[in-house]
Participant: 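One structure, as structure tokens, below. Some questions next.
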Amino acid sequence: MKRILVVTHCILNRASKVESYNMEEINEENDLRKELLNEVFKKDIELLQLPCPEFTMYGSKRWGHEKNQFDNPFFKNHCNTILKPIIEQLIEYYTNKEKFEIVGIVAIDGSPSCGYNFTCKGNYGGELGGCRSLNEKIESIALENESGVFIEELKKLLDIHNIKIPIRTLKDEIIHLKNL
Ligand code: SF4
């Protein structure tokens, strides 16, 4: 029996992330990634990497966004397009239960795309040049108790195909793997 863990793209590839200057946040997330991967290798678990919806839409020079900007039909359509081959793989693993067990999907809390328990929302948008309310826009950002757009679309696709796989944050998945 092969056990498989599905992970958001940047858990394995930090190059896809928006450039950040918050070293405390970067170091904390990096420590969690290492702890998760340590457990994955210790328990001999396979990894399936989700695509990064933001990198594949806006590339490496994108600014940080918030959920309100991605909550539109075009970004959702992009999420569904890149999730199609993933869902097909999940169906194959999920239906062959005698050979495979999908132990979970790991999300990145806070992300407007890949957050699970929390996502960042606010009042972004418009031209930065000449914007007299830039500080107000930045201050409008807050974490809210909902999933990001990519995870919401993933949840809908899992429901459509009647695939039941728990989604967890990095911290929760580490605890889960330690108890496996
Ligand atoms: S969109 Fe998701 S996978 Fe891409 S960098 Fe953000 S959290 Fe990571």
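Just so you know, ligand 1 is whichever comes first in the structure, and atom 1 is the first atom listed for that ligand. Reckoned from all heavy atoms, side chains included, excluding hydrogens, waters and symmetry mates. Please read all numbers here as calculations on a predicted model, not as lab measurements.
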Participant: Do Arg33 and Glu29 meet the salt-bridge criterion of a basic N to acidic O distance under 4.0 Å?
Facilitator: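 Judged by the 4.0 Å cut-off on N to carboxylate O distance, Glu29 and Arg33 do not form a salt bridge.
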
Participant: Is there a donor in the side chain of Asn162 and an acceptor in the side chain of Lys164, or the other way round, less than 3.5 Å apart?
Facilitator: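 Indeed, the side chains of Asn162 and Lys164 share at least one donor-acceptor pair under 3.5 Å.
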
Participant: Has Lys43 got its NZ or CZ under 6.0 Å from the middle of the six-membered ring of Phe41, at an angle within 45 degrees of the ring axis?
Facilitator: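 Pair Lys43/Phe41 does not count as cation-pi.
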
Participant: Which residues and atoms, protein N, O or S only, are under 2.8 Å from atom 2 (Fe) of ligand 1?
Facilitator: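 Those protein N, O or S atoms (cut-off: under 2.8 Å from atom 2 (Fe) of ligand 1) are Cys114 SG.
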
Participant: Please round to the nearest 0.5 Å and tell me the distance separating atom NZ of Lys178 and atom CG of Leu36.
Facilitator: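 Output value for this atom pair is 10.0 Å.
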
Participant: May I ask whether Arg62 has any heavy atom positioned less than 4.0 angstrom from an atom of ligand 1?
Facilitator: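 Yes; Arg62 lies near enough to ligand 1 that a heavy-atom distance drops under 4.0 Å.
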
Participant: Under 4.5 Å side-chain heavy-atom separation, chaining through any Ile, Leu, Val, Met, Phe, Trp or Tyr, what else clusters with Met57? Say none if it is isolated.
Facilitator: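 Via sub-4.5 Å side-chain contacts, Met57 links to Tyr58, Phe70, Phe75, Val149.
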
Participant: For the residue pair Ser147 / Glu152, report whether a side-chain donor-acceptor contact shorter than 3.5 Å exists.
Facilitator: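 Glu152 vs Ser147: no donor-acceptor pair found between side chains.
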
